Number of protein chains: 2
Amino acid sequence: MTVRLLLADDEHLIRGALAALLGLEDDLVVVAEAASGPEALAMARAHEPDVAVLDLQMPGADGVKVATSLRAELPGCRVLVVTSHGRPGHLKRALAAGVRGFVPKTVSAQRLAEIIRTVHAGNRYVDPELAADAISAGDSPLTSREAEVLELAADGAPVAEIAERAALSPGTVRNYLSSAVSKLDAENRHAAVRLARERGWV
Amino acid sequence: MTVRLLLADDEHLIRGALAALLGLEDDLVVVAEAASGPEALAMARAHEPDVAVLDLQMPGADGVKVATSLRAELPGCRVLVVTSHGRPGHLKRALAAGVRGFVPKTVSAQRLAEIIRTVHAGNRYVDPELAADAISAGDSPLTSREAEVLELAADGAPVAEIAERAALSPGTVRNYLSSAVSKLDAENRHAAVRLARERGWV
DNA sequence: GCGGCCTTCTGACATTTGTCATGCCCGGTG
DNA sequence: CACCGGGCATGACAAATGTCAGAAGGCCGC
């Protein structure tokens, strides 16, 4: 019994190479490839694969967004996410989106093939190292507004602009930033943004 | 006549897949693989490949640093850099380090094989799109101190800390930051850092 | 329904940044 | 040699930011 695969990754080099390698396994067959989020969705609808192997960072819509849509449209399609930068928060969000497997790109193709079979069999697989990171990083201590404001502060915008974009008073924005900074034990808002990014909380 | 290759990339998945695909070409043979900068250097010394295919972002030492060392130790070894995020400044630095080819990971393996041959023949190859970006981005308008201070400001450290780490007076640091911000036409130092990063100037 | 937490605001204050003018020392260039 | 640009500094001022206290409304759980 063969497993029908969808591969989605914006890097042609990797996608092609992966397709070739996985295709060598005689129980795996790559039925579709995509280079962006929307394309991955379209391909999934058209080919109804058994397992979708998605890169986390793609133009258009990231792996988690695609996984969410896929979950709704093709419940029978298992989703496996592959990523270069394993941030703890991403793992959490991916699992919440119904993703069945989460692995870093540092695994070998051989290993990936095994994991694809595991996922196809209905089991879950999460890279042990990433899982440990996610557990040790814990949950975000930020309230939703704090996270929202912090995100708006990410590109170095001044308070006035953040306030406008969040439809809040400037004073409130400063209060949220201040509490986020103290919760994250950062020196200032910019360090806070960096820390929250590292832990995948924004 | 076969071309002996060194592959260096920290992502096992990609490196392995690439090795397999390039190995299919009958005039290419992968003689060594590495997962980090230092390992790449060691492998190069041990196997003396004709062409080294290096990822730009690797633990230990990045592709450009490795290329520089390689240039000195193995002048006969051509260097080809492959990257996911094609920042204009990186291209410039890579060429300055004696790199013969610079391509994004969005090319196909087929295309990469051709480029390897091109580079091995002594020619240069730079991805046209990246070249266009590099030209339109122009040279960095920052003096070396401005760039240095901006880099130290990257993780959100306060002026006092930057001053200490750069062995400068706080006032001087602020002057440099101020001039960098105005040269980059940014709203504040943090936006300036972001812009400089995007253009590959830090 | 009371206590607790989140959201939202205001006002006040200390600190940090951003900006500008000005000055000195140095290495190169005409 | 005189001049200029870059590196480095200081001092002063305005603006932005960080911190704190206080207060009102909403929602949830007990």
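What you are looking at is a predicted structure, and each value in this text was computed from that prediction instead of being measured. Residue numbers begin at 1 in each chain, while the letters A, B, ... track the order of the sequences.
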Output the rounded distance in Å from CG (A/N188) to C1' (D/dA16). 13 Å

Length of the NE2-P vector between A/H190 and D/dA16, whole Å: 14 Å

Student check: side-chain heavy atoms of B/L6 and B/V53 closer than 4.5 Å: no

In whole Å, I'd like the distance from the CZ atom of A/R189 to the P atom of D/dT19. 11 Å

Each nucleotide in nucleotides 6-13 of chain C should get exactly one letter: B, S or -. Can you fill that in based on protein heavy atoms under 4.0 Å? -SBBB-B-

Those residues at least two apart in sequence (or on a different chain) that pass side-chain contact (heavy atoms from CB on, under 4.5 Å) with B/Q57 are B/D55, B/S84, B/H85

Atom CG of A/L150 to atom C1' of D/dT17: distance rounded to whole Å? 15 Å

The single option from B/L54, B/I14, B/L18 that satisfies side-chain contact (heavy atoms from CB on, under 4.5 Å) with B/L7 is B/L18

Rounded to whole Å, how long is the line connecting atom CG of B/L142 with atom P of D/dG6? 12 Å

Tell me, do A/V29 and A/L5 make a side-chain contact under 4.5 Å, heavy atoms counted? no

With a 3.5 Å distance limit and no angle check, can you tell me whether A/E161 reaches the backbone of A/A157 through a side-chain donor-acceptor pair? no

Length of the CG-C1' vector between A/L177 and C/dT16, whole Å: 15 Å

Sole candidate of A/V81, A/V82, A/V79, A/L80 that passes side-chain contact (heavy atoms from CB on, under 4.5 Å) when paired with A/F102: A/V81

